[in-house]
Amino acid sequence: MAISATPPASDFIRDIIAHDHASGKNSGLVVCRFPPEPNGYLHLGHAKSICLNFGVAAENNGCCHLRFDDTNPSKEETEYVDAIMADVRWLGFDWGEHLYYASNYFQLMHDYAVTLIKMGKAYVCSLSADEIRSYRGTLTEPGRESPFRNRTVAENLDLFARMRAGEFAEGSHVLRAKIDMSSGNVNLRDPVIYRILKASHHRTGEAWCIYPMYDYAHCISDSIEQITHSLCTLEFEDHRPLYDWFLDQLRIFHPRQIEFARLNLSYTVLSKRKLIKLVTRGHVAGWDDPRLPTLAGIRRRGYPPAAIRAFCGRIGMAKSNSVVDMALLEHIIREDLNEQAPRALAVLRPLKVVITNYPADQVEEVTVPNHPNRPELGTRQVTFSREIFIEQDDFMEVPTKKFFRLVPGGEVRLRSAYFITCNEVIKNGEGEIKELRCTYDPASRGGASPDGRKVKGTLHWVSAAHALPAEVRLYDRLFTVASPDSEAGAEFTDHLNPASLETLANCRVEPSLAAASPESSFQFERLGYFCVDRHDAKPDRLVFNRTVTLRDSWTKIDK
RNA sequence: UGGGGCGUCGUCAAGCGGUAAGACACAGGCCUUUGACGCCUGCAUUCGGAGGUUCGAAUCCUCCCGCCCCAGCCA
């Protein structure tokens with residue numbers, strides 16, 4: 001339980017809710033909701049909202065509903081609702097029996113609309129979409145009233161009934177709230193609350209041909225579910241007067257809407273629109289591509305859900321637009337994995353080493369700790385033999401000054417095994433290093449020399465004859481610039497990192513990894529954290545995804 | 001020129017009239033059978049700016065400046 005036990009943050013929303021809870025408002029109940037529209041996959045921005053809503057509810061002994069905001073059948077699909085539920089569960093939250101759909105309330109919403117019409121607060125407008133737009137005015141000029149604004153209640157009732165009955169074509173009529181065409185807040189200039197859409201709905205099928213708009217549907221859904229605190233992002237602040245207006249007119253349970261800043265993360269994009277573009281244009285390999293900030297993507301990448309929760313707790317909650325540094329996310333991922341992940345030896349770019357004084361027919365087992373800081377996780381036996389592989393990067397024929405790995409004539413330790421000294425460099429015709437000839441010190445078994453001799457470097461290794469082949473996918477940041485969104489005059493895809501994925505097909509890993517289950521994480525010593533790909537790994541085919549590298553002060557040294 | 005928000009360290013972010021938390025990043029150092037982890041140290045005399053109120057202001061008032069959102073029959 002490494003970092004998952006991050007104490008719940010205090011923030012302006014929690015302050016408000018704690019105050020309401022303590023003062024007995026809503027009988028002391030706290031009910032929140034996470035209301036995704038099933039038209040795309042969830043991403044880290046949603047994770048912030050999920051952690052907030054479910055977290056705050058739990059902290060106040062309340063509950064949090066999962067409600068699909070499915071009021072636009074032309075964009076929504078069952079595939080998305082299934083994916084969303086799987087992602088929320090994976091993140092570690094449980095909505096219990098509180099699974100809802102805005103579409104469940106279509107009849108009630110319809111009836112409330114009729115009520116509004118009877119109150120003279122809503123009317124059927126027969127202007128075209130373009131006309132409505134021009135009547136709306138601009139940000140600085142008031143709008144003009146629709147010529148249909150003063151239809152009689154009877155006429156409105158008749159027209160609305162016929163809209164519902166399917167008598168009219170899409171776009172021919174809408175139902176509008178009658179509020180104030182001169183309001184400085186454009187949302188209040190007689191907003192459309194129902195439109196005709198002859199589309200099949202993923203839940204209600206052909207039952208309806210008129211569908212409610214967000215502003216109308218959301219507040220009513222919240223009210224029906226007795227949501228006490230309706231938390232949403234900043235861009236809905238302008239809609240709050242409308243949210244309040246409907247509930248006040250209808251005199252029904254009135255939740256409080258509170259807005260917070262959405263999450264932005266450097267070196268990636270967190271907008272549904274952009275993510276869809278990356279997927280459909282083939283810049284990535286689907287919604288769960290490990291380079292994507294989608295929950296499905298980071299899951300496949302190996303980010304632990306507990307770390308994501310810790311991240312959401314640590315970034316804070318405020319109303320100022322901000323961009324969280326990707327380095328913070330990576331730090332928290334490492335923090336969790338450092339504690340949780342068992343260590344393993346894996347060589348990504350193998351360089352053969354022959355230990356000339358090691359008997360050709362000898363094989364032995366060396367004992368390697370599974371976790372340096374957690375002895376209770378035990379040890380394992382790893383096979384050592386005359387021919388091994390080390391990392392190509394761990395040898396330099398002509399070393400730079402601060403390089404303390406293997407060099408000609410130099411001695412290093414093979415982790416948990418022996419000290420070896422390089423005696424000879426074998427090259428091919430092109431001058432490429434093909435093999436190293438070394439000698440080992442039999443007295444240094446386990447990695448320490450009885451004479452107290454010190455070596456500066458310790459290398460990871462695998463036995464050539466015993467190691468298993470594996471494919472390793474090295475993932476890096478998706479974009480090369482911190483803010484791909486806001487680079488002036490450029491499309492965000494212009495900044496895609498061409499090196500965001502490097503696939504290594506010829507890696508060698510220690511044999512114990514054959515038993516690793518899908519999605520399990522390991523630290524490949526000195527390299528980083530890797531997880532077994534949940535889709536492509538098979539019993540006879542090892543595939544690992546690099547979650548994140550280890551912090552590496554060596555690459556920062558001026559070589 | 002309309003309406004709604006926001007401006008505290010490079011990045012997030014506490015602070016709610018009593019004299020600038022914490023985290024990440026960064027820079028040094030220690031430790032080390034992962035150049036990892038861990039540990040230590042440093043890192044805002046100042047809170048967008050200018051006035052004002054006060055014994056005392058990041059916190060209250062005034063004006064100014066900057067940034068974000070809004071004119072879908074999307075959410």
Side-chain angles (χ1 to χ4, degrees), chain A residues 9-11 15 35-37 39 69-72 74-76 125 127-129 132-134 136-143 170-176 182-189 191-197 210-211 213-215 217-218 232-241 259 261 266 272 314-332 334-335 338-339 343 345 368-369 371-373 402-405 413-417 419 444 446-448 454-460 482 523-528 549-557:
Chain A
S10 167
D11 53 61
D15 288 348
E37 182 187 12
N39 69 342
D69 214 344
D70 55 353
T71 57
N72 186 351
S74 62
K75 295 184 172 180
E76 298 148 5
C125 181
L127 253 22
S128 69
I132 287 182
R133 187 178 311 118
S134 76
R136 188 152 34 226
T138 68
L139 294 179
T140 54
E141 301 157 12
E170 283 186 15
S172 58
H173 306 277
V174 292
L175 184 68
R176 292 226 255 169
S182 64
S183 172
N185 182 343
V186 186
N187 295 125
L188 264 21
R189 319 239 265 227
V192 171
I193 60 179
Y194 264 96
R195 76 287 214 190
I196 297 169
L197 243 34
I210 56 171
Y211 292 91
M213 296 286 289
Y214 168 84
D215 286 305
H218 204 86
C232 61
T233 45
L234 252 28
E235 67 270 26
F236 292 103
E237 210 152 13
D238 287 338
H239 296 243
R240 193 173 63 227
E259 310 83 12
S266 60
K272 234 180 232 182
R314 253 193 268 185
I315 55 178
M317 195 59 67
K319 295 190 69 162
S320 54
N321 294 105
S322 59
V323 182
V324 175
D325 195 339
M326 176 63 88
L328 174 61
L329 209 209
E330 293 175 340
H331 167 82
I332 294 174
R334 290 189 185 104
E335 194 174 41
N338 175 54
E339 184 71 15
R343 312 287 119 131
L345 297 177
V368 186
H371 193 120
N373 308 327
K402 290 181 177 172
F403 187 83
F404 55 72
R405 278 114 90 151
R413 169 170 40 236
L414 292 177
R415 164 112 247 224
S416 298
F419 285 6
S444 63
K454 301 285 186 194
V455 290
K456 186 75 171 134
T458 299
L459 311 186
H460 57 279
Q523 183 199 95
F524 288 175
E525 294 206 32
R526 305 210 306 133
L527 296 173
T549 61
L550 250 31
R551 246 183 103 238
D552 182 5
S553 51
W554 164 240
T555 55
K556 290 177 185 170
I557 294 172

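In what follows, every chain begins at residue 1, and chains take the letters A, B, ... in the order their sequences are listed. These numbers come from a predicted model, not from an experiment.
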Exercise. Would you check if A/Y214 stacks with the base of B/A75, given a 5.5 Å centroid limit and a 30° plane limit, both strict?
Key: no

Quiz item: Between A/E170 and A/R195, is there a salt bridge with N-O shorter than 4.0 Å?
Solution: no

Quiz prompt | A/E339/A/R334 salt bridge by N-O under 4.0 Å criterion | solution = no

Quiz item: When the nearest nucleotide of RNA chain B is assigned to A/T140 and to A/N373 on a heavy-atom basis, which residue is associated with the more 5' position?
Solution: A/T140

Quiz item: RNA chain B: A/A318 or A/Q523, which has the more 5' nearest nucleotide?
Solution: A/A318

Below 4.0 angstrom from OP1 or OP2 of [N], is there any side-chain N or O of [X]?
X: A/S553; N: B/A36; result: yes
X: A/R195; N: B/C74; result: yes
X: A/K556; N: B/C26; result: yes
X: A/H460; N: B/U34; result: no
X: A/R136; N: B/C73; result: yes
X: A/R314; N: B/G22; result: no
X: A/S320; N: B/A13; result: yes
X: A/R405; N: B/G35; result: no

